Amino acid sequence: MTVLVAYATAKGSTRGIAERLGSSLEEFGQLVAVRPASDVSHLDSYDVIVLGSAIHGGQWLAEASDAVERLWSEFQGKQVWAFSVSSVGATSTTLSKRLARILSRVTPEPRAVQMLRRAADVRDHRFFAGAISPGDWPGFGRVVFTLMGGHYGDARDWTDVCSWAATIATLSDGVGKDGRRT
Ligand SMILES: Cc1cc2nc3c(=O)[nH]c(=O)nc-3n(C[C@H](O)[C@H](O)[C@H](O)COP(=O)(O)O)c2cc1C
């Protein structure tokens with residue numbers, strides 16, 4: 001299988017997750033290309049697309065949502081695995097655990113992912129927590145972050161990232177549990 005891992009990042013933590021997904025998928029025997037979403041001009045040479053973005057204001061960054069629009073016709077029927085990198089991941093968070101539990105229940109999917117579901121065969125959409133430093137927030141954002149029990153640092157859960165890559169390698173059509181084509 002040839003897999004494209006495309007990403008949009010503002011401060012780099014999403015790129016790190018995309019790169020780790022790529023290297024994990026390679027360990028499963030897949031041919032992998034990891035690219036910024038803004039550099040992707042076609043999808044036809046890939047069997048599986050993994051597309052992810054950092055979250056700002058509840059939404060994917062423009063580079064990722066623009067890619068969904070730009071490549072709309074090529075996404076039709078493609079196997080896609082989507083991921084979002086925010087303050088709250090499925091297994092870790094940069095906020096207080098209590099608030100993270102509430103937010104993960106009430107936060108709607110980013111619009112770009114909802115749109116992607118209308119074109120592609122979206123197998124999963126996973127949230128990962130990213131990294132945040134004080135300088136990343138504008139002044140007011142820093143205050144809100146502190147009020148939300150936020151802590152600065154890197155909350156990426158690499159075990160969860162690698163285990164999601166294993167799920168992609170196992171459940172994508174045409175790939176057996178050992179990563180070989182079935
Ligand atoms: C301007 C700004 C807006 C953000 N908005 C959100 C948000 O709406 N929800 C959220 O959970 N995290 C939000 N975050 C946190 C980022 O999603 C998180 O730090 C992520 O790791 C950033 O990924 P990156 O390092 O690839 O840019 C925001 C961060 C910044 C700097």
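Start at 1 with the first residue, then count along the sequence. Counting starts at 1 for both ligands and their atoms, in listed order. Quick caveat: nothing in here was measured; it's all calculated off a predicted structure.
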Quick note on ligand 1: atoms under 4.0 Å from a heavy atom of A10 include exactly 24 (P), 26 (O), 27 (O)
Taking only non-hydrogen atoms of A54 and a 4.0 Å limit, the atoms of ligand 1 in range are 22 (C), 23 (O), 24 (P), 26 (O), 27 (O)
### Message
Quick check: is I49 connected to L116 through a chain of hydrophobic side chains (ILVMFWY, heavy atoms under 4.5 Å apart)?
### Response
yes
the protein heavy atom lying closest to atom 8 (O) of ligand 1 turns out to be G58 N, 2.8 Å
Distance-only donor-acceptor check, side chains W81 and S172, under 3.5 Å | yes
- Message: With a 3.5 Å distance limit and no angle check, can you tell me whether R20 reaches the backbone of R15 through a side-chain donor-acceptor pair?
- Response: no
Looking at the rings of F83 and Y7, which for Trp means the six-membered one, are their centres under 6.0 Å apart? no
The atoms of ligand 1 lying under 4.0 Å from a heavy atom of V85, numbered in the order shown, are 17 (O), 20 (C), 21 (O)
Closest to atom 6 (C) of ligand 1 among protein heavy atoms sits I55 O, 3.5 Å
Backbone N/O of A131 and side chain of D154: donor-acceptor pair under 3.5 Å = no
Any heavy atom of A131 under 4.0 Å from ligand 1? The part involved is backbone
Whether the H125 and E109 side chains hold a donor-acceptor pair (N or O, under 3.5 Å, no angle test) is what I'd like checked. yes
> Donor-acceptor pair, Q59 side chain versus A112 backbone, under 3.5 Å?
Replying inline: no
protein heavy-atom neighbour closest to atom 12 (N) of ligand 1 works out as S87 OG, 2.8 Å
In this structure, atom 28 (C) of ligand 1 is nearest to the protein heavy atom W137 CH2, 3.4 Å
Atom 5 (N) of ligand 1: closest protein heavy atom, distance to 0.1 Å, is G57 N, 3.1 Å
Filtering Q59, R142, H56 for the heavy atom nearest atom 2 (C) of ligand 1 leaves H56
* So, are D160 and R126 salt-bridged, with charged N and O less than 4.0 Å apart? -> yes
Of all protein heavy atoms, the one nearest atom 27 (O) of ligand 1 is K11 N, 2.7 Å
Judged by heavy atoms only, the candidate from S13, G130, G12, S133 nearest atom 22 (C) of ligand 1 is S13
Taking only non-hydrogen atoms of I132 and a 4.0 Å limit, the atoms of ligand 1 in range are 19 (O)
In this structure, atom 31 (C) of ligand 1 is nearest to the protein heavy atom D136 O, 3.3 Å
Looking only at heavy atoms, the pair that brings F127 and V88 closest together is CB-O, 3.7 Å
